[in-house]
Amino acid sequence: MFMQMAVTGLVLGSIYMLVASGLTLIYGIMHQVNMAHGVFFMLGAMATYYATEVLGLPYFAALFAVVLVFPIIGAAFERGIFRNIRHIWLAGYMATVGVWMLMEGLGWQVFGTEQKAVSFPITGLIKLPGGAVLPANKLWVGLIAIAIMAGVYLLVGRTSLGRQLRAVEQSPRAAELMGINADRAMAKGFALGVTLAALAGGLVSTLYSVDPSCGSTPMLKAFIIIILGGLGNVTGSVIAAYILGFIDSFGGSLLGYHAGHFMGFGLVILILIFKPSGIMGDE
Amino acid sequence: MADQSILRVENVSKHFGGLVALSGVGFHIEKGDFFGLIGPNGAGKSVMVNVVSGLYRPSQGRVEFDGRQITGLRPDRIIREGLSRTFQHSTLFFDLSVRENIMMGVRTMASVGLAEAILGTSSAREKDQAIEERAQEVIDLLGLEQQAGELAANLPYGLQKVVAIGMAIAPKPKLLILDEPLTGLVAAEVDQVMGHIASLNRQGMTIFIIEHNMRAVMNFCSRIVVLSFGNKIAEGAPGEIQRDREVIKSYLGE
Amino acid sequence: MNSKMAPYLKALAVMVALALLPPLVKFIAPDKWELTAHICIKILLNVGFGLCLWMMLQAGELSLGQGGFITIGGYTTGILVAKYNLISVVWLGYLAGALAAAAIALLLGYLIVHLKRIFFLLVTWSFAEMLHPVVTSFEHPFGGSMGIINIPPPEGLTIFGETWTGYYYLALVYGFAVLWIVWRIAGSKVGLITKSIGQNDTLVTFCGLYVRKYKVMIFVLGCFITGIGGGIMTSYLTAISPETFTFFTSLDIIMFNLIGGMGTITGPIVGAVILSGLNEYLFAAGYWRMVVYGLIIIFFITLLPGGMISLPAVLRKRFARKTKKQEVGLG
Amino acid sequence: MSFLEIKQVVAGYGPAVALHGVSLSMEKGQRVSLLGANGAGKSSIVNVVSGLLPVRSGEVWFQGERIDGWAAHRIVGLGVSQVPEGRLVFPKMTVWENLELGATTLKDTVQKSRILEQVFDLFPRLSERRKQMAGTMSGGEQQMLAVGRSLMSQPKLILSDEISMGLAPLVVRDIYDTLLHINQELGVTLLMVEQEAKLALEVADTCHLLESGRIVASGPADEMAKSELVRKVYLAED
């Protein structure tokens, strides 16, 4: 039982990490708390559903399509709405709320209210050492999430695009003086963050059925994670994601859904009050 | 002798992580002094002002103001003890008028209460009147009547500095600390601002000035302390300072 | 003296006019009164909520947890007067609700006032979200997911006949009382201090003022008033459940300020009138409601950031530019 | 047309006007310093050239190309590099990464590594610390990094803003020596803002004196140093 919960915690943590990493990236680069993050998660899930169950594409091809399409969607939103207002924090925040409302509302109109499920190509149960038994799709989703995160880590840490993104994060002014187009770099960062949310949606749609509001809970979790980890701090977020994964896995099944929810937000308040820089933050 | 000191800084050190911004600096300011603190960039002058005014807590040492230990007190408490300061970059409430800015400095502001403000009691009216009268006094003193109704943001830089001084003297402080009041001013404005400061000093206010403009410091100050890399390297009258070997070395790097 | 009194007299005139509304509507179109009263009550209570947030905004911080304080006020009233009948006078139930909201605001406010901007927003939001699992989980005293029902109207409310009219006058008094209080504060030296804190709190500290005290004071007062409104709203609805006041309640209150404009006290009033009126109609629109809501937010943020109150100035500027262009074209 | 030409430039921040119609021109290989009180508009001139501060009216020409209205990142591509006020190194990146970012506009990797070696030759200290986080270095080392970083784009014109701010005199001397070396050996033109008037007059061949957003005096540095105005107001000599 313990092992079962531990592995479930790891899988949950990996998915949370994926959602939260996009949020962290966007906050880090644009200093904007993206309230529309859950909507992009939902759109990713819906895109995967329509690509596989309606168009009949193989699952992994659908995920690949998500990777191709969502950067464009993200960049379009950045250019169309967020770019001109990003220097006013409240306007930026409220605009993301507006996008959230708009897209979720449209989602209900377009996708309908019925729950949708995507089937994962690999099925069956996998026995793990220690007596835990896990559905194969759960395990695979967790592994894919970790692989994507590793890819993002390399992209941000090792490539010249990543260097430019980090430069803009640390000082847009200095980045401009290096010859970096800060506006374009921010659009790239936003597009990347949105794509990560959409990928997470595409993965989760194989575990739980989805509807147009399915992004809210992962988004709430992601918020808790990035605050716990320290806004914009990547390492902190990773640790926080697994902490939350374990809390949900153990706390959720031991104490019930509401207690888990309460603990999550309680944690946010305590962290913000006593250590606003997060668990890994330095002051 | 000792009770003549309005400010006693004793053996004050301040570290930021591994960086030593001040190490064991001490000096006294006597009542009525025109005291100057100078030193090259990064010598720790601003850190010293921030320690004295309570923005930073010193890592070591003590600060005594008017015979009372103020180390570790909250800044607003220190201000209410009768110490005022201005900031290096002219800091005002830019969206308020000049008059409102100066009213914010008036001591009586600290005693207005929420309930009396809502109910408009007679005590609230009395306080309001006291605040407005004091603000008017300061406006008259600094010759700001013409600009009193303007937004602070719309004033020229030199006048913003004057308003900042007005805000600082509104509570009738015993000691006025000026953090680089001349930075960014052109010669004519320098004379105007220094004129105001000198006349305040003549009226008995103790002045503690941190400045880059050597000429102004040498002309006006009665006593000077020189900091370099967080250490006090000289103290004395302007004439002595100008002849001091250490000072010349730290300024010219020879 | 005259010019100082003028806005008060104007407000009084509006209040008197609104006080004459019930007999008028009842006379002209008695079947429309119920709906009219319902919308007006919502608007007037929302005006109160919006003004409280405006007052806090003056001090520079934005709370996304005002729905939580409405919830606290509402539940406290409901628990005391309906569920356990601990208080027999509903008016005292409102007071208790307000005190509960204020007490919690005092504790929370003291702990969080040092947080700035997005952090303050996130912590107040988290606080409001945290209430949901609490009230849902406990049958006692919150009534679990069913909440509390049969909350009575306050005593003496029926002197106007049906409760609609009574609640209408109650909301009218509430809305204008809040306006008066916020107005008094904004015009006082405390208002000056509040505004200064919103601009530069370090400088306020160096004026010898304890910033934390003023910020907490404003926060507590705002939540106290909001708590009363929560009590009134709850007894008007006769029931409260975990789903009555949600994230969207808090968001609406921000929206009043955004749509109306935050520059002056008129802003949140205009915003509350527009949005709460609109909300009542959108309620029937199902999911289109979210779409419209989203479009409204995006429209105001990107095209009219100063809110409705800035519209005349914006139009004038547009118009002036156009005529200028024409002149150039003619020349 | 001159190497750099600023014509009747008006610019400012928000409602405030920082430059009231400033004109100046520079020839290739010159070392020009801007003198004046804080807020006189020295940094504004530099920021106008680099594109950080938009021009309200007037023109800026660099090597025959009109660049006012260009975004800062495009101007870097022309060979104009700024060592900004307050250094602005990327604190959470290594020395190497900072330098690499300086060469963003260069595409040729061979050329990049050659310049990197040059910079390491000029500043051996940076070479020793190439894997250190820039934010953990001393102020002087950060300033060296800022200068080295600006060299990475192979600039024709370097704009420097308050190099001496907060640094020990010896370190400042060291950095200026390097800049002089770059000017003399590589022919890079320098436009410098320097608060310390003595230093500003020493390192430049030409000097402009600013007051309240206007150029009030110009001339060869050695002559300016002797002028009554400069001696009294900026050198505090009697």
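Naming convention: chains lettered A, B, ... in sequence-line order (proteins, then strands); numbering from 1 in each chain. Computed from a predicted structure; not experimentally measured.
Considering every non-hydrogen atom in both C/S63 and C/T124, the closest pair reads CA-OG1, 3.6 Å. Closest heavy-atom contact between C/G97 and C/T76: CA-CB, 3.6 Å.
With chain B as the partner, the residue from C/V190, C/V182, C/I193, C/L203 showing the most heavy-atom pairs under 4.5 Å is C/L203. Between chain C and the residues B/V112, B/L114, B/V106, the most heavy-atom pairs under 4.5 angstrom are made by B/L114.
Atom CD1 of B/I38 and atom CD1 of B/I209 lie 11.0 Å apart (nearest 0.5 Å). Atom CD1 in C/I72 sits 8.0 Å away from atom SG in C/C223 (nearest 0.5 Å).
For C/V211, no part lies near chain B; criterion is any non-hydrogen pair under 4.5 Å. Only the side chain of B/M167 has a heavy atom closer than 4.5 Å to any heavy atom of chain C. Only the side chain of B/I131 comes within contact range of chain C, with at least one heavy atom under 4.5 Å from a heavy atom of that chain.
Counting heavy atoms from C-beta on, the side chains of C/I185 and C/L221 come closer than 4.5 Å. Contact of the C/V47 side chain with the C/F256 side chain is not registered, since no non-hydrogen atoms from C-beta on lie closer than 4.5 Å.
At least one donor-acceptor pair under 3.5 Å links the side chain of C/W54 to the backbone N or O of C/M262.
C/F49 and C/F69 have their aromatic ring centers separated by at least 6.0 angstrom.
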Using only distance, no hydrogens or angles, which N or O donor-acceptor pairs sit under 3.5 Å between chain C and chain B?
| from | atom 1 | to | atom 2 | distance (Å) |
| --- | --- | --- | --- | --- |
| C/R184 | NE | B/I118 | O | 3.0 |
| C/K189 | NZ | B/E132 | OE2 | 2.9 |
| C/Q199 | OE1 | B/F94 | N | 3.2 |
| C/Q199 | OE1 | B/D95 | N | 3.0 |
| C/G208 | O | B/R80 | NH1 | 2.6 |

